[in-house]
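What follows is a single structure, written as structure tokens, with notes after it.
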Amino acid sequence: MNLQKILSYQEIDKKVYACEMELKQSKTAQEYAKAMTMYKAKTEDMMKKIREADEIAVLVERYKQTYKNIFEEINGLSDVLESFEELKEIDKYEKKIAQFQKELLNIERELTRLSKKMDECIEISKKSLEQLKQLEEIIMRSKFIMQKMKAEVEEKAKTHLLELKKLQAELPPNLIAKYNEIRKNKKMPVLVPASENYKACLGCGMDISSDLSIKLQGGQIVECPNCGRLIYNEK
């Protein structure tokens with residue numbers, strides 16, 4: 001009967017799963033995962049600051065060009081002032097120069113602010129780079145240890161894997177495919193019994209439809225609409 005065979009398959013697979021968890025839940029694996037998460041976050045922070053620095057550099061060049069243009073206009077106006085004799089004309093150009101000077105002062109202030117912001121971006125990028133180097137060392141060390149642990153775990157699970165392979169040949173391919181699909185979603189056990197009244201999944205505790213309940217009573221294996229596990233009638 002397929003039910004008994006797939007349940008036997010799951011019992012052996014639980015031993016393989018325990019071996020996998022031994023590696024995944026090890027202190028080294030946790031350090032590796034933490035370091036990788038931090039590495040990604042630090043890389044994103046550094047790239048953000050680099051992009052920000054690039055934008056600042058573009059603004060600085062733009063302000064420099066504006067500064068140059070205004071300065072040239074001021075010099076031009078100063079030359080014109082020497083040729084004007086009427087006070088009204090002189091007053092008009094003096095006001096224009098005063099306005100230019102005000103604009104130049106604003107540009108100088110903005111350039112100072114941008115310069116400080118650029119220094120901040122560079123400093124943060126330097127610190128991020130140092131932290132990334134430290135994280136790289138942790139990642140490489142953890143990876144080396146995990147490779148050794150993986151080889152040991154695989155050796156431990158070898159016998160169980162051979163048993164699973166043998167049982168696979170005796171089970172419908174579609175059932176094995178569904179089992180593996182659920183297992184990949186980190187739902188273990190994959191097969192769970194129904195409640196005594198056939199109205200709930202004992203994997204997640206949620207109620208199931210009357211149609212599924214009837215199928216269970218008829219000895220069929222059904223899929224829980226909530227958690228996705230396979231429910232069976234253990235009576």
Side-chain angles (χ1 to χ4, degrees), residues 16-79 93-154 157 180-188 204 226-228:
V16 176
Y17 187 77
C19 291
E20 292 172 356
M21 288 300 102
E22 184 182 333
L23 177 61
K24 289 180 181 178
Q25 294 175 355
S26 67
K27 185 180 178 181
T28 303
Q30 289 172 8
E31 286 177 353
Y32 177 82
K34 184 180 178 181
M36 286 297 291
T37 301
M38 290 176 66
Y39 191 91
K40 183 181 177 182
K42 289 294 176 186
T43 301
E44 288 174 354
D45 287 345
M46 190 171 75
M47 293 307 297
K48 183 180 177 182
K49 288 300 173 185
I50 289 171
R51 287 192 297 270
E52 192 175 332
D54 287 341
E55 290 169 3
I56 290 170
V58 171
L59 283 173
V60 167
E61 285 305 313
R62 193 178 299 163
Y63 279 123
K64 281 182 179 179
Q65 187 59 48
T66 305
Y67 189 101
K68 182 183 176 184
N69 294 341
I70 293 174
F71 194 75
E72 287 174 355
E73 287 190 58
I74 288 175
N75 287 338
L77 287 175
S78 298
D79 293 338
Y93 279 94
E94 282 182 341
K95 285 180 180 178
K96 187 71 173 174
I97 289 172
Q99 180 61 34
F100 280 151
Q101 288 174 335
K102 186 178 179 181
E103 289 178 22
L104 286 175
L105 184 60
N106 289 336
I107 289 172
E108 286 174 352
R109 286 173 180 166
E110 187 63 15
L111 286 173
T112 301
R113 185 188 72 81
L114 290 173
S115 178
K116 289 180 180 178
K117 192 70 177 174
M118 177 69 85
D119 290 341
E120 179 188 323
C121 289
I122 292 170
E123 188 60 30
I124 291 173
S125 294
K126 283 181 179 178
K127 287 181 180 178
S128 294
L129 191 58
E130 290 172 3
Q131 291 170 335
L132 284 173
K133 287 179 180 177
Q134 293 172 358
L135 288 169
E136 280 175 6
E137 291 177 4
I138 295 172
I139 289 167
M140 293 304 292
R141 184 173 64 249
S142 299
K143 194 173 181 181
F144 177 75
I145 296 171
M146 283 174 65
Q147 284 173 340
K148 289 179 66 178
M149 290 178 67
K150 185 182 176 184
E152 292 171 2
V153 167
E154 285 177 347
N180 289 332
E181 179 188 332
I182 298 168
R183 191 189 192 282
K184 282 178 183 177
N185 290 328
K186 299 177 181 178
K187 292 175 181 176
M188 199 66 176
C204 63
N226 181 60
C227 68

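- With respect to E52 and K49, a salt bridge is recorded, a charged nitrogen being found less than 4.0 Å from a carboxylate O.
- Checked against side-chain hydrogen bond (donor to acceptor under 3.5 Å, both in side chains), K42 has the following partners two or more places apart in sequence or in another chain: Q131.
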Which atom pairs, one a donor and one an acceptor, fall under 3.5 Å between side chains of residues 21-29 and the rest of the protein, sequence neighbours left out?
from, atom 1, to, atom 2, distance (Å)
E22, OE1, K156, NZ, 2.9
E22, OE2, K156, NZ, 3.2
S26, OG, L23, O, 2.8
S26, OG, A29, N, 3.2

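- Expressed to the nearest 0.5 Å, how far CG of N106 lies from CG of L111 amounts to 11.0 Å.
- Scanning all heavy atoms of the two residues, the minimum distance from S125 to I50 falls at OG-CG1, 4.3 Å.
- With sequence neighbours excluded, no residue forms a salt bridge (Lys or Arg N to Asp or Glu O under 4.0 Å) with E44.
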Distance-only donor-acceptor hits, side chain of residues 133-154, under 3.5 Å, sequence neighbours excluded:
from, atom 1, to, atom 2, distance (Å)
E136, OE2, Y39, OH, 2.8
S142, OG, I138, O, 2.8

Donor-acceptor contacts, no H, no angles, side chain residues 113-122, under 3.5 Å, sequence neighbours left out:
from, atom 1, to, atom 2, distance (Å)
R113, NE, E110, OE1, 3.4
R113, NE, E110, OE2, 3.3
R113, NH2, E110, OE2, 2.6

Show me the donor-acceptor pairs, under 3.5 Å and distance only, between side chains in residues 53-70 and residues at least two apart or in other chains.
from, atom 1, to, atom 2, distance (Å)
Q65, NE2, N69, OD1, 3.1
T66, OG1, R62, O, 2.9
Y67, OH, E108, OE2, 3.0
N69, ND2, Q65, O, 3.3

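- Taking the side chain to side chain contact (heavy atoms under 4.5 Å, CB included) definition, one finds that N180 meets it with Y9, I176, sequence neighbours left out.
- Residues passing the salt bridge (Lys or Arg N to Asp or Glu O under 4.0 Å) test with E123: none are found, sequence neighbours excluded.
- Looking only at side-chain heavy atoms (C-beta outward), I124 and S128 come within less than 4.5 Å of each other.
- In this structure the side chain of K40 never reaches within 4.5 angstrom of the side chain of T37, judged on heavy atoms.
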